[in-house]
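The next block holds one structure in the form of structure tokens; read it before the comments.
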Protein chains: 2
Amino acid sequence: MPTIREIAQLCGVSVATVSRVFNQPLTVSKEKREVVERVARELDYRPNESARALATKRSGLIGLVWDTDHRRPGWRHPYLQELLIGLKSALSAHGYHLLMLATSGSAALRAVGASLADPVAYVNMTRRHHLGGLVLIDSGSDASAFTAFAQSGLPCVAVDVDVDGPRATYVTSDNVGGAAMAVRHLVGAGHRRIATVTGPRANRPAVDRLDGFRAAMAGEGLAVPPEYVVEGDFYRPSGQAAMRSLIALPEPPTAVFCASDEMAVGALLAARHAGLRVPEELAVVGFDDIELAALVDPPLTTLAQDKAGIGVAAARAVLTMVHGGGTPAPAFLPTRLVVRSSSR
Amino acid sequence: MPTIREIAQLCGVSVATVSRVFNQPLTVSKEKREVVERVARELDYRPNESARALATKRSGLIGLVWDTDHRRPGWRHPYLQELLIGLKSALSAHGYHLLMLATSGSAALRAVGASLADPVAYVNMTRRHHLGGLVLIDSGSDASAFTAFAQSGLPCVAVDVDVDGPRATYVTSDNVGGAAMAVRHLVGAGHRRIATVTGPRANRPAVDRLDGFRAAMAGEGLAVPPEYVVEGDFYRPSGQAAMRSLIALPEPPTAVFCASDEMAVGALLAARHAGLRVPEELAVVGFDDIELAALVDPPLTTLAQDKAGIGVAAARAVLTMVHGGGTPAPAFLPTRLVVRSSSR
DNA sequence: CTGAAAGCGCTTACAG
DNA sequence: CTGAAAGCGCTTACAG
């Protein structure tokens with residue numbers, strides 16, 4: 001690969017001039033600029049990014065923190081692929097690459113004193129590699145660690161976790177609004193006894209969906225008896241168990257809003273086992289709109305999240321901070337009610 | 001962040017000695033080494049990776065090529081998440097990070113003359129960032145471009161695409177063996193009229209699955225009439241269409257082996273629409289073992305790929321080359337027959 | 001075993 | 001507008 005020196009020699013100018021042509025082209029005379037540009041093109045010159053990062057203390061990289069291989073092996077992000085597509089596309093459009101940071105739980109890092117999901121380790125990597133900022137994806141157990149990142153002062157944006165810090169923000173769906181839409185949809189279909197299966201209490205989207213559910217029920221003048229609120233963990237078995245307990249109630253609900261599609265599928269299974277027809281005897285509404293939602297029997301009514309849009313919004317937020325545009329407010333992306341056959 | 005100079009001053013040694021403590025510890029006297037190590041720990045010293053990469057021409061990064069946002073927007077990798085988990089874990093274990101390279105179709109890169117999926121652009125990025133090597137994931141249309149990478153001489157390993165080059169290899173499932181298992185399973189269940197829905201002709205796994213199918217059928221002494229081989233594109237609609245045409249045959253098959261679970265689900269739908277009972281009147285076997293396979297009705301018999309294992313194998317292969325261990329032979333990971341209710 | 005020095009390839013005040 | 005020079009933080013022959 002040619003270097004800036006070779007270009008300079010071939011053009012009969014100094015390396016400073018060559019550098020300027022790429023970084024502040026307007027400060028170079030038209031003639032010299034054109035010569036340099038032509039020669040650079042002919043030699044297919046590309047700046048060495050390591051040298052660049054060393055000199056400027058900036059790299060064209062954004063870090064991605066996504067812990068994978070410990071503690072919750074079964075954990076599966078409901079829409080990681082779409083999220084990555086949105087994130088990567090939006091970052092690419094601005095010439096940034098995405099660096100998936102090695103899990104801090106790795107042997108190599110543990111050797112230097114880092115513990116699992118250790119924010120310090122990630123913050124160090126960020127500095128060592130001159131990353132512009134960090135995107136944090138919760139892998140089901142690191143939410144608390146995220147707070148520590150957020151306070152590091154590095155630009156960071158979390159997905160589906162609310163963090164707070166000088167240069168920290170987050171992106172999530174409008175979970176409150178989505179849950180409210182679910183309630184209004186069910187009420188509109190004539191339901192009055194509506195239960196909900198929530199996500200974990202510690203999870204922000206779970207809390208918001210419950211809040212939205214409660215607020216909308218109150219708005220409709222409907223009561224929510226305590227036994228109509230069952231906590232799940234977002235996974236299918238918990239939805240199935242929750243539904244089983246709801247069905248066993250003296251006065252079971254006629255409709256249930258599940259805080260995730262996985263749990264809604266579990267609810268569908270429980271209904272089938274109990275011999276309940278869906279939607280005639282039980283209406284079910286989920287949240288996420290995962291691929292499976294359209295394929296189960298009956299197809300699931302759900303609140304679709306703008307999965308790729310969340311990735312795009314996260315990318316925009318980091319880039320805004322990287323470019324000195326201040327810390328953006330948290331973004332709440334609208335959800336969309338997709339009515340299928342599991343409710344009416 | 002402290003630098004090597006500060007450590008050196010505090011310890012009263014030269015920067016060379018400090019550097020050696022981290023890179024060739026045995027060449028430093030025990031006393032000095034221990035002092036340096038202690039001070040480094042106290043200051044939480046971490047080497048600046050940009051400086052390191054500049055000096056050594058090596059970075060602790062492996063590049064990932066996965067084009068996302070063009071030409072085939074609907075394309076979905078059947079097991080990207082598991083693949084990434086395997087890849088990242090195995091890389092992490094050796095202290096390497098994974099750099100998701102910006103899509104070369106981005107405006108920024110196009111501006112410098114790179115076209116879509118342009119191997120040259122990726123090869124350049126690899127050099128500019130001193131990446132150790134490249135992992136290539138086919139996004140449905142880039143297989144041909146992969147050949148160009150492979151010939152660049154950079155260490156690269158492709159997933160599910162056969163590439164050939166001085167430092168290129170690939171990882172895939174034992175597709176031939178998997179298809180053969182499917183055939184033997186169906187024959188064992190008493191079927192003799194067995195059809196197959198293949199993937200695209202240009203796709204290596206598709207070709208291998210067809211070869212395995214044919215070989216096993218021959219081995220069982222069974223004929224494969226030409227109309228029993230229908231080409232699909234791995235997606236559901238194509239499986240559904242293919243099954244429809246098979247059902248319409250004067251002598252329809254009693255069993256079908258689909259080269260992907262998505263197509264098998266399509267086949268299931270076609271069978272349902274035609275009023276055929278599965279598995280009584282038609283047995284269906286898929287390939288992949290995606291999450292959906294266990295959840296459709298009836299649950300799908302399929303050949304499970306070792307998804308994370310493929311990622312791990314890819315990681316091992318690049319690292320072997322990075323560490324000068326030569327070019328590993330292509331790896332064919334075993335598949336596992338998972339018998340569910342769609343066949344018997 | 002250790003240090004002085006050159007070098008990796010680029011950027012950016014500082015003079016002119 | 002342009003160049004000489006210092007500097008980013010590290011590594012590695014080369015002497016000793």
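Just so it is clear: chains get the letters A, B, ... in the order the sequence lines come, proteins before strands, and each one is counted from 1.
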Checklist outcome for this item: First and last nt of DNA chain D near chain A, cut-off under 4.0 Å to heavy atoms, 5' to 3', are D/dC1 to D/dG9

Item to check | Strand-adjacent residues in residues 19-33 of chain B, judged by heavy atoms under 4.0 Å from DNA chain D | outcome: B/Ser19, B/Arg20, B/Asn23

Item to check | Pairs involving residues 320-333 of chain B, ordered by first then second residue, that meet side chain to side chain donor-acceptor pair (under 3.5 Å) (sequence neighbours left out) | outcome: B/Tyr96-B/His323

Checklist entry - Would the number of heavy atoms belonging to other residues, nucleotides or ligands and lying under 6.0 Å from CG of A/Asn23 be above 12? => result yes

Item to check | Of B/Tyr45 and A/Val15, the one whose closest DNA chain D nucleotide lies more 5' | outcome: A/Val15

Next on the checklist: When both hydrogen-bonding distances must be under 3.5 Å and the geometry is Watson-Crick or G-U wobble, what is D/dA4 paired with, if anything?
Outcome noted: none

Checklist entry - Which pair of heavy atoms, one from A/Ala150 and one from A/Val163, lies closest together, and at what distance? => result CB-CB, 3.9 Å

Item to check | Any side-chain heavy-atom pair of A/Arg204 and A/Asp160 under 4.5 Å | outcome: no

Checklist entry - Taking the side chain from A/Ser92 and the backbone from A/Gly95, do they hold a donor-acceptor pair closer than 3.5 Å? => result no

Checklist entry - Does atom CZ of A/Arg316 have more than 12 heavy-atom neighbours from other groups under 6.0 Å away? => result no

Checklist entry - Counting only Watson-Crick or G-U wobble pairs whose two distances fall under 3.5 Å, which nucleotide matches D/dA13? => result none

Checklist entry - Pick the nucleotide of DNA chain C nearest each of B/Ser14 and A/Thr3; which residue has the one closer to the 5' end? => result B/Ser14

Item to check | Short side-chain donor-acceptor distance under 3.5 Å, B/His130 and A/Asn48 | outcome: yes

Next on the checklist: Check the orientation of B/Tyr170 and B/Phe332. Use parallel for under 30°, tilted for 30 to 60°, and perpendicular for over 60°.
Outcome noted: perpendicular

